[in-house]
Amino acid sequence: MAGYLLKNCAAVIIDEGKGPVVHRNVDLLTSGPAILAIGENLEADALPAGTTVEDAAGWFVYPGLVNTHHHFFQCFVRNRADLDWTKLSVIEWLDRIYPIFSQLNEECFYHSSVTAMAEMIKHGCTTAFDHQYNFPRHAGKRLIDRQFEAAELLGIRFHAGRGGNTLPKSEGSTIPDEMLETTDEFIADCARLIETYHDTSPFSMRQVVVAPCQPVNCYRETFVESVALARDRGVMMHTHVGEGESPVIQARHGMRTVDYLEELGFAGPDAFYAHCWELTHDELRKMAASGTGVAHCPEPVYLVGAEVTDIPAMAAFGLRIGLGCDGAASNDNSNLMHCLHSAYMLQCLVSSGRAHPVPPPVDFLGYGTTGGASLLGRRDIGRLAPGMAADLFAIDTRRMDYVGTRHDPLSLIARVGIGMATDMTMINGRIVWQKGEFPGLDEAKLSADAEAALSAVEF
């Protein structure tokens, strides 16, 4: 079975289930999809047949990052100066942007997924969850099928969140009719995708999450049926919570979003919510008690102008926390590594006014790795140890950027930040990015094809 020996690593972040520890001047050996061994002086002449030796001198080797919230299709509405978050509320922004989203076609969804996944891989992300809730009628129902196709092309581990919106605008949602589905349509396609793609075997590269877009844009029955399907099929559940909609849900249902979802059963160890920046401490405690997780997206905090998500309180209450890029609604890049730095720095900004101290920088690395794996229900990814998936990235620290920082690899990403692509990203034992290239792929052609798909749409 083919594998790699990363020889003479300057540092490897190892976690055997008790937290991350730095091991210096060691080798890391993979075999097939898994890590076989980590240690000093693994001898090249005693390696399994088919092992390729990589000189890793100067490299810091980290567990691959796990993204827990994104909207890949929004890569095709990036860098729009006319969509100024500083002048719009969340609801106002939705009213303006959804008609633009509704114009995308199937090719747009495929090429925007390639675009987002490629950028994520370049910056150390090895498992990506996407919340794909945009299903314009003219684009058809095979949009997530095309996302799995894109994931296979690039070699990324992919969890597809099948989203959807069912409440008409005439009844209080922000969704154009072109993007509406019935609850039956939504549930039927979730079931089809689970049957077609969901793989629970070790080192699975494809899984499906039932993910109605948000309570404010869906009928109650949509969430009730989502819970029934997810629990019957043993898959995870996801939605948007606590990003400005709680007063609307209070007016409609007589309770805020967390209580509403808990009443419907859309809570527990098999559920995780995106954002949660407007939640009270009592709501956070309730989520912790049920085991419901949080996909924290730090970058939107800059643009939404709302309060900084209270990560210290979440950590103190014992919530499971992961990190997400979010889409170009509120983040114009797909760089999860940058989100680790943003998440930490934002907490430092408001620390003097918080009841709980900012978690140490290493914890933010944990949110982006083991925390994300927990949200997705994975025990085979998120940390480096023998038997775990060979998902990792390497940074060559023999650069001016890292002078004075190399004494603490655990804090480096969150505290200092990484301003460039990785030197190597490996997923499932396969090198998918190295020396500025996607092996076997032509990045210039991928880029040109994506631009062509985008230019064919009239917004």
- For Cys218 and Asn165 the tightest heavy-atom approach is SG-CA, 3.9 Å

- Task: Looking only at non-hydrogen atoms, find the nearest pair between Leu375 and Gly322 and report the distance.
- Result: CD1-N, 3.6 Å

- Message: So, applying ring-ring contact (aromatic ring centres under 6.0 Å, His included) with Phe393, which one of Trp433, Phe60, Tyr62, Trp59 is it?
- Response: Tyr62

- Can you check whether Cys325's main-chain N or O pairs, donor with acceptor, with Asn331's side chain at less than 3.5 Å? yes

- Find out whether Arg320 and Met287 are in side-chain contact, i.e. whether some heavy atom of one side chain is under 4.5 Å from a heavy atom of the other. no

- Query: Is there a donor-acceptor contact under 3.5 Å from the side chain of Asp130 to the main chain of Phe72?
  - Reply: yes

- Item | Name of the residue among Arg157, Arg206, Arg146 meeting salt bridge (Lys or Arg N to Asp or Glu O under 4.0 Å) with Glu152 | Arg206

- Message: Just checking Asn79: does its CG atom have more than 12 heavy atoms from other residues, nucleotides or ligands closer to it than 6.0 angstrom?
- Response: no

- Note on the structure: salt bridge (Lys or Arg N to Asp or Glu O under 4.0 Å) filter on Glu221, not counting sequence neighbours, yields none

- Check whether any side-chain heavy atom of Arg80 sits under 4.5 Å from a side-chain heavy atom of Asp332, and report yes or no. no

- Is a side-chain N or O of Arg162 found less than 3.5 angstrom from the main chain of Ile144, in a donor-acceptor match? no

- Task: Could you tell me whether the side chain of Leu376 reaches within less than 4.5 Å of the side chain of Gln207, counting heavy atoms only?
- Result: no

- Pair Arg137 + Glu185, salt bridge at N-O below 4.0 Å: no

- Task: Take Trp277 and Val308 through the test side chain to side chain contact (heavy atoms under 4.5 Å, CB included) and record every step on the way to the result.
- Result: CA-CA 7 Å; Trp277 51 258; Val308 176; over 6 Å; no

- Query: Side chains of His69 and His275: does their closest heavy-atom pair fall under 4.5 Å?
  - Reply: yes

- Does Gln347 use its side chain to pair, donor to acceptor, with the backbone of Thr309 at less than 3.5 Å? yes

- Short side-chain to backbone donor-acceptor contact, Gln132 and Leu143, under 3.5 Å: no

- Task: Look at the side chain of Thr166 and the backbone N and O of Tyr219, then say whether any donor-acceptor pair between them is shorter than 3.5 Å.
- Result: yes

- Task: Begin from the C-alpha positions of Asp259 and Ile249 and carry the test side chain to side chain contact (heavy atoms under 4.5 Å, CB included) through to its verdict.
- Result: CA-CA 10 Å; Asp259 287 338; Ile249 299 299; over 6 Å; no

- Please confirm whether the backbone N or O of Phe109 pairs with a side-chain atom of Ser113, one donor and one acceptor, at under 3.5 Å? yes

- Nearest non-hydrogen partners of Ala151 and Phe158, listed with the distance: CB-CB, 3.6 Å

- Message: Quick one: does any side-chain atom of Ser351 pair with a main-chain N or O of Cys348 as donor and acceptor, under 3.5 Å?
- Response: yes

- Mind checking the CG-NE2 spacing from Asn67 to His131? Nearest 0.5 Å is all I need. 12.5 Å

- Task: Check the pair Ile395 / Tyr402 against side chain to side chain contact (heavy atoms under 4.5 Å, CB included), numbers first and verdict last.
- Result: CA-CA 10 Å; Ile395 301 293; Tyr402 305 108; 3.5 Å; yes

- Rounded to the nearest 0.5 Å, how far does SG of Cys75 lie from CE of Met117? 10.5 Å

- Minimum side-chain heavy-atom gap Leu167-Ile175 below 4.5 Å: no

- Message: Once you measure the plane-to-plane angle for Phe364 and Tyr344, does it fall in the parallel (<30°), tilted (30-60°) or perpendicular (>60°) bin?
- Response: perpendicular

- Can you find a pair of side-chain heavy atoms, one from Met314 and one from His356, that are under 4.5 Å apart? no

- Task: Report the residues that fulfil side chain to side chain donor-acceptor pair (under 3.5 Å) with Asp184, sequence neighbours left out, ordered by chain and then residue number.
- Result: none

- Message: Just verifying a value: how many Å separate Leu284 CG and Cys276 SG, rounded to the nearest 0.5 Å?
- Response: 7.5 Å

- Task: Decide side chain to side chain contact (heavy atoms under 4.5 Å, CB included) for Asp326 and Glu299; before the verdict, give the C-alpha distance in whole Å, the side-chain angles of both, and the deciding distance to 0.1 Å.
- Result: CA-CA 8 Å; Asp326 205 16; Glu299 303 283 297; over 6 Å; no

- Task: Hey, can you tell me if Phe317 and His281 have their rings parallel, tilted or perpendicular (30° and 60° cut-offs)?
- Result: perpendicular

- Message: Please check this pair: side chain of Glu225 against backbone of Phe186, looking for a donor-acceptor N/O pair closer than 3.5 Å.
- Response: no

- Query: Between Arg378 and His159, do the side chains contain an N or O donor and an N or O acceptor separated by less than 3.5 Å?
  - Reply: yes

- Parallel, tilted or perpendicular: which describes the rings of Phe101 and Tyr98, with under 30° parallel and over 60° perpendicular? perpendicular

- Test salt bridge (Lys or Arg N to Asp or Glu O under 4.0 Å) on Arg252 and Glu171 and set out the steps. CA-CA 11 Å; Arg252 286 183 191 170; Glu171 297 185 35; over 6 Å; no

- Query: Between the main-chain N or O of Asp15 and the side-chain N or O of Arg383, is there a donor-acceptor pair closer than 3.5 Å?
  - Reply: yes

- Closest approach of Thr222 to Ile187 (non-hydrogen atoms, all atoms of both residues): O-CD1, 4.5 Å

- Note on the structure: To the nearest 0.5 Å, atom CZ of Arg256 lies from atom CD of Glu245 at 8.0 Å

- Message: Could you check whether any side-chain heavy atom of Asn105 comes within less than 4.5 Å of a side-chain heavy atom of Glu107, counting everything from C-beta outward?
- Response: yes

- Looking only at heavy atoms, what is the nearest atom pair of Leu365 and Ile413, with distance? CD1-CD1, 4.4 Å

- Message: Side chains of Leu412 and Ile418, heavy atoms from C-beta outward: is any pair under 4.5 Å?
- Response: yes

- Roughly how far, to the nearest 0.5 Å, is CG of Leu28 from NE2 of His23? 11.5 Å

- Query: Just wondering, more than 12 heavy atoms not from Gln250 lying within 6.0 Å of its CD?
  - Reply: yes

- Query: Sequence neighbours excluded, which residues qualify as side chain to side chain donor-acceptor pair (under 3.5 Å) partners of Ser102?
  - Reply: none

- Query: Looking at CG of Leu104 and CG of Asn134, how far apart are the two atoms once the value is rounded to the nearest 0.5 Å?
  - Reply: 6.0 Å

- Query: So, are Arg142 and Glu149 salt-bridged, with charged N and O less than 4.0 Å apart?
  - Reply: no

- Query: Taking everything shown except Arg233 itself, do over 12 heavy atoms lie less than 6.0 Å from its CZ?
  - Reply: yes

- Item | Minimum heavy-atom distance Ala390-Met426, with the two atoms named | O-CG, 3.4 Å

